Protein chains: 2
Amino acid sequence: MDKLEDYKRPSVAVDIVVFTIMHGRLKVLLIKRGREPFKDLWCLPGGFVRIDESPENAALRELKEETGIKDLYLEQLYTFGKPERDPRGRVISIAYFALVDSTKIKPAVTGEEGIKKIGWFDVDFLPDLAFDHKEIITYALKRLRYKLEYTAVGFELLPDKFTLTDLQKLYETILGEKLDKRNFRKKAMAMGIVEKTREQRKGSHRPALLYTFRKKASSSAFKQVKFEK
Amino acid sequence: MDKLEDYKRPSVAVDIVVFTIMHGRLKVLLIKRGREPFKDLWCLPGGFVRIDESPENAALRELKEETGIKDLYLEQLYTFGKPERDPRGRVISIAYFALVDSTKIKPAVTGEEGIKKIGWFDVDFLPDLAFDHKEIITYALKRLRYKLEYTAVGFELLPDKFTLTDLQKLYETILGEKLDKRNFRKKAMAMGIVEKTREQRKGSHRPALLYTFRKKASSSAFKQVKFEK
DNA sequence: ACAAAAGTGTTCCTAATACACCCATGA
DNA sequence: TCATGGGTGTATTAGGAACACTTTTGT
């Protein structure tokens with residue numbers, strides 16, 4: 001094997017695709033670029049990996065710095081490394097996939113006064129994006145839909161207490177299809193994935209029971225599906 | 001976002017976990033290190049990503065240089081990036097997952113005379129490994145078993161023509177469990193994943209029909225399983 | 001004729017789907 | 001009393017699992 005010094009080194013960055021559900025729509029967090037290249041275009045939050053930190057740490061750090069978000073579900077998505085993907089030079093980017101419960105987002109993040117301009121965009125109406133970030137989001141979306149169907153990762157998008165209708169709406173929003181209420185509830189219960197609380201949520205109609213997520217059962221599949229190679 | 005020059009850059013490498021089936025056993029390709037650190041320990045084939053090539057290209061190039069293998073199934077596995085994973089300094093490694101049909105391996109690769117010493121090791125009897133390569137292999141194995149159950153990736157480990165018993169043995173070897181012959185064949189046929197040829201393989205018993213893989217149907221699941229989060 | 005692997009169907013059971021009405025509350 | 005979403009059960013169907021014997025060939 002060759003020596004480390006023999007090679008010009010690429011820069012290594014992380015980019016994070018953060019999803020949340022707001023007003024029944026699936027949203028991605030974007031940041032407006034303040035400089036060239038792609039000045040004033042939107043891009044994913046992210047930044048360079050420091051020489052003494054793990055990529056995962058870099059992702060968490062950048063998210064906190066840029067958006068204030070720190071309590072979220074994070075997993076590695078894919079490493080994008082085509083030589084021409086960044087006009088500034090060789091940048092290899094380790095992309096991460098993240099989910100946050102929108103009720104935990106601080107006002108600063110949804111809002112107006114940070115140095116960086118940030119915003120949540122509906123996945124079906126994304127603006128033009130810098131670099132290959134469109135491709136990264138597309139990949140992340142695929143992963144999200146896929147994971148939702150056979151893991152219990154969806155709970156990461158809900159507050160601690162939620163109604164079964166909340167949960168079903170979340171599935172319907174992300175998968176883009178209507179689900180049968182009775183079958184959905186039957187399955188959620190049968191899997192032991194949720195647990196009743198004694199609390200209710202009120203509205204101008206019959207109050208709904210609140211449930212919590214049982215971590216114990218989180219590895220069960222919600223729906224078994226074929227996998228696209 | 002900060003400037004590229006502001007950061008010390010890590011080295012970026014690729015490591016490839018190449019699986020094959022030999023004599024009914026699942027094997028991984030390893031290379032003996034010729035220098036420190038970890039001199040004389042076995043490690044995964046791999047090397048540094050050049051400044052103008054994609055990581056996938058680097059993986060293919062290194063495999064060809066080190067082992068002569070060039071016709072294989074390759075997909076990105078995971079990026080390992082803990083700061084302390086390489087004692088020489090900061091090296092982030094993009095791991096790849098590869099499958100080869102053992103009948104396509106050139107003698108030089110299975111053999112003795114290359115500059116590098118290389119060998120195929122039974123996954124159940126791995127030697128001590130350099131760096132975090134044990135962990136990488138464990139991760140790759142998990143991926144292999146997982147993919148085998150819900151994609152048709154197993155064909156990458158067989159020659160173009162094979163018997164259904166070959167295919168079943170492959171599944172049994174990798175999954176580590178006996179499968180029912182009738183159910184297995186029924187499913188393989190029902191999925192339209194294989195196609196009869198007019199050829200047979202002979203032995204001192206009833207000859208077996210040879211089949212080929214139908215690429216068309218490759219996305220179907222072989223067996224639907226629960227997913228471990 | 002025997003050894004060795006190839007090949008083949010049916011029954012049972014579980015899990016997914018389809019489907020429609022009553023309930024509890026606030027206004 | 002009405003509007004709104006909450007909550008519930010059954011019948012049908014499809015797919016997975018269990019299971020044993022006959023066939024074809026070489027020696």
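We name chains A, B, ... by the order of the sequence lines, and we start the count at 1 in each one. Fair warning: this is a prediction, and the values are worked out from it, not measured in the lab.
Contacts of B:Thr165 with the nucleic acid, taken as non-hydrogen atoms under 4.0 Å apart, involve only primed sugar atoms and P, OP1 or OP2. At a threshold of 4.0 angstrom between heavy atoms, the contacts of A:Leu209 are confined to the sugar-phosphate backbone, with no base atom among them.
Residues passing the side-chain contact (heavy atoms from CB on, under 4.5 Å) test with B:Lys196 are B:Leu209, B:Tyr211, sequence neighbours excluded. A search for side-chain contact (heavy atoms from CB on, under 4.5 Å) contacts involving B:Thr197 returns B:Lys161, B:Glu199, B:Leu210, B:Thr212, not counting sequence neighbours. The side-chain contact (heavy atoms from CB on, under 4.5 Å) search around B:Arg206 returns none, not counting sequence neighbours. B:Asp160 meets the side-chain contact (heavy atoms from CB on, under 4.5 Å) test with B:Lys104; sequence neighbours excluded.
Evaluation of the salt bridge (Lys or Arg N to Asp or Glu O under 4.0 Å) test over residues 125-135 of chain B, restricted to residues two or more places apart or in two chains, returns B:Arg85-B:Asp132.
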* **Annotated protein contacts, base or backbone, on nucleotides 19-27 of chain C with a non-hydrogen cut-off under 4.0 Å, one of B, S, - each** => BB--BBBS-
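Remark: P of C:dA15 and OH of A:Tyr150 are 21 Å apart, rounded to the nearest angstrom. Atom pair A:Asp166:CG and D:dG5:C1' shows a separation of 12 Å (rounding to whole Å applied). Whole-Å rounding puts the A:Leu179 CG to C:dA18 P distance at 11 Å. Atoms CG (A:Leu210) and C1' (D:dG6) sit 12 Å apart, rounded to a whole Å. Atom NZ of B:Lys187 is separated from atom C1' of C:dG7 by 20 Å (rounded to the nearest Å). Between the CZ atom of B:Arg201 and the C1' atom of D:dT24 there is a distance of 17 Å, rounded to whole Å. At whole-Å resolution of the value, CD in B:Glu172 and C1' in C:dA5 are 14 Å apart. Distance B:Lys178 NZ to D:dC19 P: 16 Å, rounded to the nearest Å.
Between A:Phe125 and A:Phe121, a ring centre-to-centre spacing not shorter than 6.0 Å is recorded.
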